[in-house]
Protein chains: 2
Amino acid sequence: MSIQLQCDNIEGMPKRVDHRERRDLIAGALMRVAAEHGLEAVSLRHVAAEAGVTSGMVQHYFRSKDEMMVFALSVVREHGAARVAAAVAALGDDPSPRTLLRTMLAELLPLDPARSADGRVALAFLAYTAVRPTVAAALHQDTAAMLAFVADQIRSAQVTGAADRRVEPEPAAAGLLAAMEGLGVYVLGGHYSAQTALTALDAQLDLIFGPAG
Amino acid sequence: MSIQLQCDNIEGMPKRVDHRERRDLIAGALMRVAAEHGLEAVSLRHVAAEAGVTSGMVQHYFRSKDEMMVFALSVVREHGAARVAAAVAALGDDPSPRTLLRTMLAELLPLDPARSADGRVALAFLAYTAVRPTVAAALHQDTAAMLAFVADQIRSAQVTGAADRRVEPEPAAAGLLAAMEGLGVYVLGGHYSAQTALTALDAQLDLIFGPAG
DNA sequence: CGTTTTACATTACGACTGCAATGCAACGGC
DNA sequence: GCCGTTGCATTGCAGTCGTAATGTAAAACG
């Protein structure tokens with residue numbers, strides 16, 4: 001038997017370059033194209049041009065366009081997760097459930113150009129996966145995890161809170177998460193202003209946690 | 001001066017056929033294609049084939065693809081409006097604000113295959129217009145009208161309701177509308193079940209109008 | 001040192017795209 | 001009855017698409 005000594009690569013990796021790095025580079029270009037012109041403007045040549053590489057190189061790192069799309073979707077998810085993690089980390093220890101949720105959800109709203117670009121890509125992928133259910137599994141996981149987390153936070157606030165304003169955690173969490181998503185969509189579409197969205201989010205939290213939390 | 005006698009057509013219309021009818025036929029085919037394969041699968045030939053006509057005919061009724069897309073978007077809007085109007089009409093006289101809103105919003109959720117197809121098309125157009133702001137104006141109007149209506153309903157319920165659970169109508173309406181949109185998106189993406197979405201919607205209404213309205 | 005593998009670049013191909021051009025039958029108005 | 005307009009079909013074109021094939025330079029490996 002032969003023992004494979006794989007220093008830092010998981011797969012049968014190349015000689016010099018870091019595959020992950022190149023794929024991230026390409027995925028970044030894809031996201032820029034998608035954010036500006038939509039997912040239907042994403043082509044191998046277009047992405048390659050945006051990334052400043054040849055389309056042959058893109059083809060070298062992704063055997064098909066679909067593989068590239070799936071990878072880019074995973075990068076979008078990681079983007080969002082990292083954003084939320086950073087915002088939560090900056091919150092210090094032991095934030096109240098309401099503060100924690102408000103921070104996380106507000107971070108996922110497209111309130112500045114950077115997040116707006118990410119949001120447009122995410123929205124494009126949302127429409128994309130709605131028609132290709134096979135690649136939506138990862139998104140399902142994300143939503144399910146978020147939903148469970150939000151419900152937990154609501155539940156933990158209920159225990160210590162007043163008993164007169166009791167709400168069911170799961171439906172409230174589902175509604176809150178959906179409200180966040182909808183607010184994001186409306187802000188991206190220009191139907192709501194950033195201010196409107198934030199106010200609505202706070203009002204939503206007021207409804208769940210009681211006013212002036 | 002010459003008086004134009006235009007019996008039932010608004011524009012300089014053809015000899016025999018009803019332009020509007022043909023355009024609706026084509027738009028219907030477009031929506032079917034978009035619902036099944038996404039908006040990026042919408043091409044003149046594809047739509048023509050789905051409609052059972054030649055692509056030359058499509059070209060005859062729409063001078064460009066963009067014109068066809070814009071028209072289809074307007075049809076999607078009318079679809080939704082008609083759906084809501086029908087649901088409200090079936091409600092009888094003087095429904096409570098809560099019942100009225102619940103009926104309208106639930107009607108816009110993709111809870112059956114027909115509404116799901118419409119929803120996929122609407123979602124695709126949402127992503128489409130997010131990148132082409134010039135064609136989003138009509139959608140803005142719809143959202144603004146809905147927002148004002150929902151806020152009015154909430155306000156009118158406040159007047160007659162108990163004073164202890166007062167909520168600001170505008171942010172609550174914005175949140176409720178966004179929640180509906182987000183629920184729809186999540187159901188379309190398969191992240192929420194229809195049951196989850198309905199339960200969340202009712203919970204949301206509970207939060208605004210008080211439990212067991 | 002020679003061979004294999006990796007990292008790209010280039011080119012080609014068939015399919016598809018939106019759209020313009022053209023053809024043609026039929027009906028309306030004069 | 002002729003003629004122009006309208007309704008629709010067909011064809012062609014320039015361009016883009018995804019992908020496969022091929023070429024080349026260099027590093028890795030025995």
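Below, chains carry the letters A, B, ... as their sequence lines are ordered, and counting in each starts from 1.
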Task: Rounded distance in Å - CD (Glu21(B)) to P (dT6(D)) - done: 19 Å
TODO: Round to the nearest Å and state the distance from Ile26(A) atom CD1 to dG18(D) atom P.
DONE: 14 Å
Open item on the list: Under the side chain to side chain contact (heavy atoms under 4.5 Å, CB included) test against Phe71(B), which residue among Asp24(B), Leu30(B), Ile26(B) passes?
Closed with: Asp24(B)
Task: Aromatic Tyr61(B) / basic Arg23(B) pairing, under 6.0 angstrom, 45° off normal - done: no
- [ ] To the nearest Å, give me how far apart NE2 (His60(B)) and P (dT10(D)) are.
- [x] 15 Å
Task: Separation of atom CZ in Phe62(B) from atom P in dC8(D), rounded to whole Å - done: 13 Å
- [ ] I would like to know whether Tyr186(B) and Thr196(B) meet side-chain contact (heavy atoms from CB on, under 4.5 Å); could you show each step before the answer?
- [x] CA-CA 10 Å; Tyr186(B) 281 157; Thr196(B) 301; over 6 Å; no
Every protein N/O within reach of nucleotides 15-18 of chain C N/O, cut-off under 3.5 Å:
{"unit_1": "dT17(C)", "atom_1": "OP1", "unit_2": "Ser43(B)", "atom_2": "OG", "d": "2.8"}
{"unit_1": "dG18(C)", "atom_1": "OP1", "unit_2": "Lys65(B)", "atom_2": "NZ", "d": "3.1"}
{"unit_1": "dG18(C)", "atom_1": "OP2", "unit_2": "Leu44(B)", "atom_2": "N", "d": "2.9"}
{"unit_1": "dG18(C)", "atom_1": "N7", "unit_2": "Arg45(B)", "atom_2": "NH2", "d": "2.5"}
{"unit_1": "dG18(C)", "atom_1": "O6", "unit_2": "Arg45(B)", "atom_2": "NH2", "d": "2.7"}

Task: Arg132(B) backbone acceptor or donor facing Thr129(B) side chain under 3.5 Å - done: no
- [ ] Report, as yes or no, whether the 6.0 Å neighbourhood of atom CD on Glu40(A) holds more than 12 heavy atoms from other residues, nucleotides or ligands.
- [x] yes
Open item on the list: Distance check needed: dA20(D) P versus Glu67(A) CD, whole Å only.
Closed with: 12 Å
Open item on the list: Classify the ring geometry of His46(A) against His37(A): parallel below 30°, tilted from 30° to 60°, perpendicular beyond 60°.
Closed with: tilted
Task: Nearest-Å distance for atom pair CD/P, residues Gln59(A) and dT10(C) - done: 13 Å
TODO: Would you kindly give the CE-to-P distance between Met68(A) and dT19(D), to the nearest whole Å?
DONE: 9 Å
